[in-house]
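One structure is given here, and the rest of the page talks about it.
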Amino acid sequence: GSEAAGEQGQEEEAEDRLKEHLDNLLDKSAKTRQVALQSLRLAFSSKTLSEFLLERRLMLTDSLEKCLKKGKGEEQALAGTVLTLLCLQMGSGPEGEEVFRSLKPLLISVLTDSAASPSARQSCATALGMCCYIAAADVE
């Protein structure tokens, strides 16, 4: 009994931390956004969070879009990595496809922007390839 309650408490605590990281993606400070992206990268790569993310995918997609558009170098690279992990979490269903379709033009934009940092371009290329493999419904 108490073990299950302790586990549920840990789950809620982890979700609260994730919600805080999601909120920090909209912070004015680039450093705060980068720390949030790093924390999300770690969380998404270490645990299956599909249920949690399903409810928040639109907000997260909007936040990643802002990081890719307005961010520079490291922030864009981290956003590309988090997007790849988000696609992996969403899977090949309609949700993953929706996330990919909404951010695909932006990924291509950063990838083809010669002024963007090499790490940002590489991360966006990886995100584009992985998300296309996982979530693109259109064969083309």
Side-chain angles (χ1 to χ4, degrees):
S2 66
E3 203 173 287
E7 237 177 71
Q8 187 174 357
Q10 286 179 333
E11 280 288 316
E12 288 172 9
E13 195 177 299
E15 281 192 10
D16 287 344
R17 280 196 308 272
L18 282 171
K19 288 175 190 172
E20 190 178 314
H21 299 318
L22 292 175
D23 289 342
N24 285 344
L25 287 179
L26 301 172
D27 199 90
K28 283 184 169 45
S29 161
K31 188 68 185 154
T32 302
R33 292 191 306 270
Q34 284 182 19
V35 168
L37 286 165
Q38 288 167 340
S39 299
L40 289 172
R41 178 183 65 192
L42 184 63
F44 291 5
S45 60
S46 60
K47 190 173 183 189
T48 302
L49 301 162
S50 344
E51 291 296 315
F52 176 85
L53 293 171
L54 266 177
E55 302 165 13
R56 295 165 182 84
R57 74 181 181 281
L58 296 176
M59 180 265 214
L60 183 53
T61 303
D62 287 346
S63 299
L64 290 173
E65 182 177 338
K66 286 182 178 99
C67 289
L68 285 167
K69 272 185 184 173
K70 296 184 171 120
K72 300 284 179 241
E74 179 72 12
E75 184 178 349
Q76 288 177 313
L78 284 165
T81 302
V82 170
L83 174 60
T84 303
L85 294 167
L86 176 62
C87 262
L88 281 168
Q89 291 271 350
M90 292 290 99
S92 60
E95 294 86 6
E97 186 185 332
E98 177 187 358
V99 167
F100 174 58
R101 195 173 343 113
S102 68
L103 288 175
K104 179 183 168 193
L106 195 50
L107 288 172
I108 292 170
S109 170
V110 174
L111 177 61
T112 58
D113 179 3
S114 58
S117 78
S119 64
R121 294 174 74 185
Q122 182 269 326
S123 180
C124 287
T126 301
L128 191 62
M130 286 295 291
C131 293
C132 190
Y133 180 74
I134 294 164
D138 184 10
V139 178
E140 294 298 312

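Start at 1 with the first residue, then count along the sequence.
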Heavy atoms, side chains only, cut-off 4.5 Å: are [X] and [Y] in contact?
| X | Y | value |
| --- | --- | --- |
| Leu54 | Gln89 | no |
| Gln38 | Glu74 | yes |
| Leu58 | Glu98 | yes |
| Thr126 | Thr81 | no |
| Leu64 | Val99 | no |
| Leu86 | Leu53 | yes |
| Lys19 | Arg56 | yes |

Measure the spacing between [atom1] of [X] and [atom2] of [Y] and express it to the nearest 0.5 Å.
| X | Y | atom1 | atom2 | value |
| --- | --- | --- | --- | --- |
| Cys67 | Gln34 | SG | CD | 9.0 Å |
| Leu68 | Leu78 | CG | CG | 10.5 Å |
| Met130 | Leu85 | CE | CG | 8.5 Å |
| Lys66 | Leu106 | NZ | CG | 12.0 Å |
| Ile108 | Leu128 | CD1 | CG | 5.5 Å |
| Cys131 | Leu107 | SG | CG | 6.5 Å |

[X] and [Y]: which non-hydrogen atoms are nearest, and at how many Å?
| X | Y | value |
| --- | --- | --- |
| Ser50 | Met90 | O-CE, 4.0 Å |
| Ser123 | Gln76 | OG-O, 4.4 Å |
| Ser102 | Thr61 | OG-CG2, 3.1 Å |
| Gly96 | Cys87 | O-SG, 4.3 Å |
| Gly73 | Ala120 | O-CB, 3.7 Å |
| Val82 | Leu37 | CG2-O, 3.4 Å |

Notebook entry, point to check: For Ser119, which residues count as a side chain to side chain donor-acceptor pair (under 3.5 Å) partner, sequence neighbours excluded?
Noted result: Ser117
Check: Who are the side chain to side chain donor-acceptor pair (under 3.5 Å) partners of Glu65, not counting sequence neighbours?
Finding: Lys69
Are [Y] and [X] connected into the same hydrophobic cluster when the rule is that any two of I, L, V, M, F, W, Y join if their side-chain heavy atoms are below 4.5 Å apart?
| X | Y | answer |
| --- | --- | --- |
| Val35 | Leu40 | no |
| Leu18 | Leu42 | no |
| Leu111 | Tyr133 | yes |
| Leu25 | Met59 | yes |

Notebook entry, point to check: Is the shortest side-chain N to carboxylate O distance from Glu95 to Arg57 below 4.0 Å?
Noted result: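 Between Arg57 and Glu95 there is no salt bridge, as every charged N stays at least 4.0 Å from the carboxylate O atoms.
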Item checked: Under the salt bridge (charged side-chain N to carboxylate O under 4.0 Å, His left out) test, residues paired with Glu13 that sit two or more places apart ->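 For Glu13 the salt bridge (charged side-chain N to carboxylate O under 4.0 Å, His left out) partners, ignoring immediate neighbours, are Arg17.
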Item checked: Lys72 NZ: over 12 foreign heavy atoms closer than 6.0 Å ->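 Counting other residues, nucleotides and ligands, NZ of Lys72 stays at 12 neighbours or fewer.
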Checklist line | Exam field: side chain Arg33 to backbone Leu26, donor-acceptor pair closer than 3.5 Å | finding: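 No.
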